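Side-chain atoms are counted along with the backbone in the values below, which use heavy atoms only and exclude waters and symmetry mates. Since we're looking at a predicted model, the values are computed, not measured. Just so it is clear: chains get the letters A, B, ... in the order the sequence lines come, proteins before strands, and each one is counted from 1.
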Amino acid sequence: MDIPAKYEAAKIEEKWYQYWLEKKYFHTEPDSREPYVNVIPPPNVTGVLHMGHMLNNTIQDVLVRRARMLGKNAVWVPGTDHASIATEAKVVAKLKAEGIDKSSLSREEFLKHAWEWKEKHGGIILEQLKKLGASCDWNRTCFTMDEIRSDSVIRVFTDLYEKGLIYRGVRMVNWDPDAKTAVSDEEVIYTEENSKLYYVKYKIENENSYVIIATTRPETILGDTAVCVNPNDKRFTHLKGKKVIVPMVNRVVPVIFDDYVDMEFGTGCLKITPAHDINDYEIGIRHNLPSIDIFNDNGTLSEAAELFVGKDRFEARKLAVAELEKAALIEKIEAYNNKIGRSERTNSVIEPKLSMQWFLKMENLVKPALAAVENGDVNIIPAKYKNTYRHWMENVRDWCISRQLWWGHRIPAYYLPGSNEFVVAGNEEQALEKAKKHTGNNSLTIKDLRQDEDVLDTWFSSWLWPISVFDGILNPENAEFKYYYPTNDLVTAPEILFFWVARMIIAGYEYPKNKPFSNVYLTGIVRDKQGRKMSKSLNNSPDPLDLIEKYGADGVRVGMLLCSPAGGDLLYDDSLPEQGRNFANKIWNAFRLVKNWDIDDSIPQPEHSRVAVEWFDAKFNQTVTQLNQQFDSFRLSEALMTVYKLFWDDFSAWYLEIVKPEYQKPIDKITYYKTLDFFKKLSLLISPFMPFITEELWQFMKEERDVESIVTAKWPESVNTKSDLISSFEICTEVIAGIRTIRQEKNLPLKEKLSLQIIAHGFYDNRFDSVIKKLGNLEGIDFVKEKPVLSAGFIVKSQEYFIPVGNLINKDEEVKKLEDELVYTEGFLKSVIAKLSNEKFVNNAPSKVLENERKKQADAESKIAILKEQISGMKGQ
RNA sequence: GGGAGCUUAGCUCAGCUGGUUCAGAGCACCUGCCUUACAAGCAGGGGGUCAAUGGUUCGAAUCCAUUAGUUCCCA
């Protein structure tokens, strides 16, 4: 057979992926089997694959492929998220580049552009996932804004509204003046930035004195409605009942007293701007202060500011400082570091702003979701995130679900003509009916109603994802939903534990009244070698597709998994996929070796091959048991390493080397077919991690396989094995290593046959002597009573081994080696005896531990005897 | 400021109920090999006061406390 010496992933990956699709191996329908369900965390519809996706989707694919091999009806539902803010921002930017301003377009016109953009760029990421080998059921691909998903969102909104859980209210929100929308707390990133602290003089009314107030935002002085001090602050007791004059606008405002003020900060005297600071807002409510909103939605100053109207807030700050300086109202300016919140999407400085928003009451909704994680119905991996989850759920605030955008699910609230009253309904017709009933005015038409301009937060659609992908909101009784829900494993990043995971659990208990999934596997964050998060702005993220091209999808998958324990960050380096690629090459070459053997029916199976088969069979079965445990506890990195070592160390370095016939000699039939069978079974274990190369090999194994594709093959059974054989083989490997070490130390050529002489003490296990003979390249193994002259030796488990090496022996060196070992062993024995003569230890330690210590003592004592004898023997020579 | 976690070999990490899995793995490193499956390889080897201190215990990487460094979440 002609198989190239280097494995070339690029040549086969595309072929097998197409083959899997044609055969519809990834598609499932409900049947009598147990389902295994995984829904993809929907990537942004216009996004491109980054390293985080690679990690996340590799893990999902490994889980899904193994479940499929376990005989479950495994389905992985793919899809994309409309991602309101991110997508709208991209469309706005694209239009801007074409000279079109969003504000010049109607809502309908803008949405037309947005949909065009989605059609053009949407789903690229899904095509990229195919390159990775993701075994998604593509027929089930969903989009959070397709018909079923949109209708589900609207249905849920109206339902929650009718339950009294959705309300409209004025709230302080995080306003993004660039995107002109409110963003959630979670979407604001706070960082330390250099700014300035301005000490401004406020004149006390009817007095010729001032209070000094430190502020980082002098432009907001225009919105001040009070000055506040701590009631315990003795410096300001004289201000009781006084009023001060706000600079620039000369507004007279009261001095109020509130515990909130930190006496240590600044001058201990705080200006209160209820419209533009969350704490001021709360103080404002407590003290019944008016609130003056001085900003427009785009961050420029409004008419209410009186000064600098129309100027940008940062421009206004400069102007305000100049104005204050002109009036000699600035006492000093200090450099100051403070935390500035910026929008995750636009990087614009967040403006706290009072605005009318829609909210979902969370207090009661979270209760079953909190309980589910506490009682283990939903299992979070790693468990440390349970604490974080609990903390958030116990301190949950109402969810601001409206966004001032166009791309998304428009809020189904319809305002009555000339009024702020509204009805909430699933569509215009229903809204009209409700409006007529509400007003008693039957002449109303659809045109009289005005739908709310806002859309819903993106998470308000993705929180339904595990339900809505099976149409479980609109048709909760449908057969698919009943079969597939609840799903099994959710794999996602810890950063969206709250935005998404927690809310899905909430929705699960509110709608189908059942958990959305049983396990949440939180991956780490992919970082670069310096520990920095991979990001576009740092330009430190490799393009996943380049990596796949360079190392093969299998290589990249292995690379991602090798270093990613659940919840631990992954410090990415090119050496990782390289290791994966090397592994693929190793597998490839092992296969080449086996497939190129000539078989001779007439030769009997050599003894060394017979025991090797017996041993590897035991080792394989033992490893499958271990592997299953690792999978079941989501220790995927460890599982991969287990398979890696089984193939590389046990199978390639030991088993194949034992059974390998001499150059250009044929192999016996029994060993050949046994080896191919091992290869087949090893491929099965490797295939969830490396689906492409294992499929390629599978196709070469036409005679051995029972199904056409490895995708649908059965995961090997684990049977109980003789661990005795495995430990016996370990001794054999130590003996071989001992021989090899002597060969290397004495510079004995590999081709020169040596003889091994053994002084046996007690029972000598000879089961693997044929193996020792072959791999040690020995001409024979003899048992002797005394140490042969001019020989180098070693001890394994109180058996003495010697290799006669003629004059190459350096007596002094050998004696030194033995003496070193003697010193060590005597020290060891001393510590064991100390333990055993400690009465408290003997009385308290479990018998198993005691037994072990006694065995240690016996072993050490016999070893010391041997060493002493050898040393005196050497010296006597 | 409040909360949670982490610190084990040069790097990334295991170490699950305190005791033969107790100091481990992979990579990297060093030495010798182009031994006809694989140099993307083979064989051999070195390397750690388990962050520090104190405590509990017959026994601590493992449990407790304090400290230092670090990461994340919330404000």
Side-chain angles (χ1 to χ4, degrees), chain A residues 3-7 185-186 188 190 262 278-279 339 341 382-392 394-397 494-495 497-498 524-525 527 529 531 533 551-552 555 558-559 562-565 567-573 575-597 629-630 633 635 637-638 640-642 644-645 648-649 652-653 656-657 660 662-664 736-745 747 749-751 775 777 831-832 834-853 855-856 859:
Chain A
I3 312 177
K6 290 249 188 294
Y7 171 63
D185 292 344
E186 290 83 359
V188 180
Y190 291 89
D262 177 359
I278 183 68
N279 298 308
K339 289 216 165 169
K384 66 178 178 184
Y385 284 103
K386 261 177 89 163
N387 291 333
T388 325
Y389 180 87
R390 184 189 314 113
H391 189 253
W392 190 75
E394 284 173 350
N395 297 287
V396 71
R397 286 181 293 171
E495 29 190 15
L497 183 60
F498 309 133
I525 293 167
R527 298 174 182 279
K529 209 55 185 166
K533 200 171 158 177
Y551 301 106
V558 168
L562 271 175
C563 266
S564 69
D569 287 354
L570 185 153
L571 270 73
Y572 177 81
D573 183 84
S575 68
L576 294 172
E578 196 179 308
Q579 194 182 345
R581 180 201 58 181
N582 293 355
F583 186 38
N585 197 50
K586 183 74 188 176
I587 296 169
W588 185 252
N589 277 293
F591 191 69
R592 266 196 334 129
L593 171 72
V594 174
K595 268 290 172 180
N596 283 323
W597 283 335
Q629 284 164 1
Q630 287 163 335
S633 50
R635 295 161 172 265
S637 286
E638 280 180 39
L640 171 58
M641 190 43 68
T642 300
Y644 181 92
K645 286 197 281 194
W648 202 309
D649 299 341
S652 299
L656 286 181
E657 290 301 327
K660 187 158 91 175
E662 281 176 64
Y663 182 54
Q664 285 189 336
I736 293 166
I739 298 167
R740 285 170 174 168
T741 306
I742 289 172
R743 214 182 254 285
Q744 176 146 335
E745 278 173 0
N747 257 323
L750 272 173
K751 288 187 175 143
L775 293 192
N777 193 18
S831 78
V832 174
K835 235 190 225 181
L836 281 169
S837 52
N838 181 336
E839 212 175 296
K840 283 180 176 168
F841 172 74
V842 179
N843 293 337
N844 290 315
S847 59
K848 213 176 150 189
V849 175
L850 255 171
E851 223 173 89
N852 258 317
E853 290 301 317
K855 188 167 182 301
K856 274 194 214 170
D859 286 350

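In this entry the distance linking NZ of K840(A) with C1' of rG59(B) reads 12 Å, nearest Å. At whole-Å resolution of the value, CG in L850(A) and P in rG59(B) are 15 Å apart. In this structure, E495(A) atom CD and rC73(B) atom P are separated by 8 Å, rounded to whole Å. The distance from atom NZ of K660(A) to atom P of rA37(B) is 5 Å, rounded to the nearest whole Å. Protein atom CZ of R397(A) is 9 Å distant from nucleotide atom C1' of rC74(B), rounded to whole Å. As rounded to whole Å, 8 Å separates atom P of rA37(B) from atom OH of Y663(A). For the pair E578(A) CD and rA40(B) C1', the interatomic distance rounds to 7 Å; values are reported in whole Å. The CG atom of L775(A) sits 18 Å away from the P atom of rU35(B) (whole-angstrom rounding).
Listed pair Y389(A) / rC73(B) fails the phosphate criterion, with no side-chain N or O lying under 4.0 Å from OP1 or OP2. Close to rC33(B), at under 4.0 Å from its OP1 or OP2, lies no side-chain N or O of R740(A). Close to rC42(B), at under 4.0 Å from its OP1 or OP2, lies a side-chain N or O of W648(A). Within the structure, a side-chain polar atom (N or O) of N387(A) is placed less than 4.0 Å from OP1 or OP2 of rG5(B). A sub-4.0 Å separation between OP1 or OP2 of rC38(B) and a side-chain N or O of K6(A) is absent. Taking only side-chain nitrogens and oxygens, N844(A) never comes nearer than 4.0 Å to OP1 or OP2 of rU57(B). In this structure, K384(A) does not reach the rU71(B) phosphate: none of its side-chain N or O atoms is under 4.0 Å from OP1 or OP2.
Looking at F498(A) and V396(A), their side chains never come closer than 4.5 Å, going by heavy atoms from C-beta outward. The closest side-chain heavy-atom distance from R743(A) to L750(A) is below 4.5 Å. Within the 4.5 Å cutoff, the side chain of V558(A) has no heavy atoms near those of the L576(A) side chain.
Among the nucleotides rC73(B), rA75(B), rG19(B), the one closest to any side-chain atom of A845(A) is rG19(B). The listed nucleotides are rA40(B), rA37(B), rA25(B); the one nearest the side chain of R581(A) is rA40(B). The listed nucleotides are rU31(B), rC74(B), rG45(B); the one nearest the side chain of Q744(A) is rU31(B). Checking rA25(B), rC38(B), rG44(B) against the side-chain heavy atoms of K645(A) singles out rA25(B) as nearest. Distance from the side chain of F498(A) is smallest to rC73(B) among rG19(B), rA37(B), rC73(B). Comparing rG19(B), rC27(B), rA37(B) by their closest approach to the side chain of V849(A) singles out rG19(B). Closest to the D649(A) side chain, of the nucleotides rG26(B), rC73(B), rA37(B), is rG26(B). Which of rG26(B), rC16(B), rC58(B) sits closest to the side chain of R635(A) comes down to rC16(B). Listed nucleotides rC38(B), rC58(B), rA37(B) differ in distance to N838(A); the shortest reach to its side chain belongs to rC58(B).
Between rG5(B) and rU49(B), the two C1' atoms lie 25 Å apart (nearest whole Å). Taking the P atoms as reference points, rC74(B) lies 46 Å from rC58(B), given to the whole Å. Between the P atoms of rC16(B) and rU62(B), the separation comes to 11 Å (whole Å). A gap of 11 Å separates the P atoms of rA52(B) and rA9(B), to the nearest Å. For the C1' atoms, the distance linking rC64(B) with rG18(B) amounts to 13 Å, nearest Å. As rounded to the nearest Å, rU12(B) and rA75(B) have P atoms that lie 31 Å from one another. Between rG44(B) and rA60(B), the two P atoms lie 35 Å apart (nearest whole Å). Taking the C1' atoms as reference points, rC34(B) lies 23 Å from rA28(B), given to the whole Å.
Using cut-offs of 30° and 60° on the angle between ring planes, the pair W588(A) and Y7(A) is tilted.
L497(A) CG to K386(A) NZ: the interatomic distance, rounded to the nearest 0.5 Å, is 12.5 Å. Once rounded to the nearest 0.5 Å, the distance linking CD of E638(A) with CG of L640(A) reads 11.0 Å. With values rounded to the nearest 0.5 angstrom, N777(A) atom CG is found 11.5 Å from I736(A) atom CD1. Here the straight-line distance linking atom CH2 of W597(A) with atom CD of Q664(A) works out to 15.0 Å at 0.5 Å rounding.
Pair assignment for rU62(B) gives none, since no Watson-Crick or G-U wobble pairing has each distance under 3.5 Å. The partner of rA43(B) is rU31(B), by the rule that a Watson-Crick or G-U pair needs both atom distances under 3.5 Å. Pair assignment for rU56(B) gives none, since no Watson-Crick or G-U wobble pairing has each distance under 3.5 Å. For rC50(B), there is no paired nucleotide, since no Watson-Crick or G-U wobble pair has both relevant distances below 3.5 Å. Across all strands shown, the partner of rA4(B) is rU71(B), judged by Watson-Crick or G-U wobble contacts whose two distances both fall under 3.5 Å.
Donor-acceptor pairing under 3.5 Å, judged by distance alone, is absent between the side chain of E657(A) and the base of rA43(B).
Nucleic acid contact for K751(A): none, since no nucleic acid atom lies under 4.0 Å from a heavy atom of the residue. No engagement by K835(A) is indicated, since no non-hydrogen atom pair under 4.0 Å with the nucleic acid exists. In this structure, S652(A) reaches the bases: a heavy-atom distance under 4.0 Å links it to at least one base atom across the strands shown. As judged by a 4.0 angstrom heavy-atom cut-off over every strand, A584(A) is placed among residues making no nucleic acid contact. If you check every strand for non-hydrogen atoms under 4.0 Å, Y644(A) touches sugar and phosphate atoms only.
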Q. Going through the distances and angles, do N589(A) and R592(A) end up as a side-chain contact (heavy atoms from CB on, under 4.5 Å)?
A. CA-CA 5 Å; N589(A) 277 293; R592(A) 266 196 334 129; 2.9 Å; yes
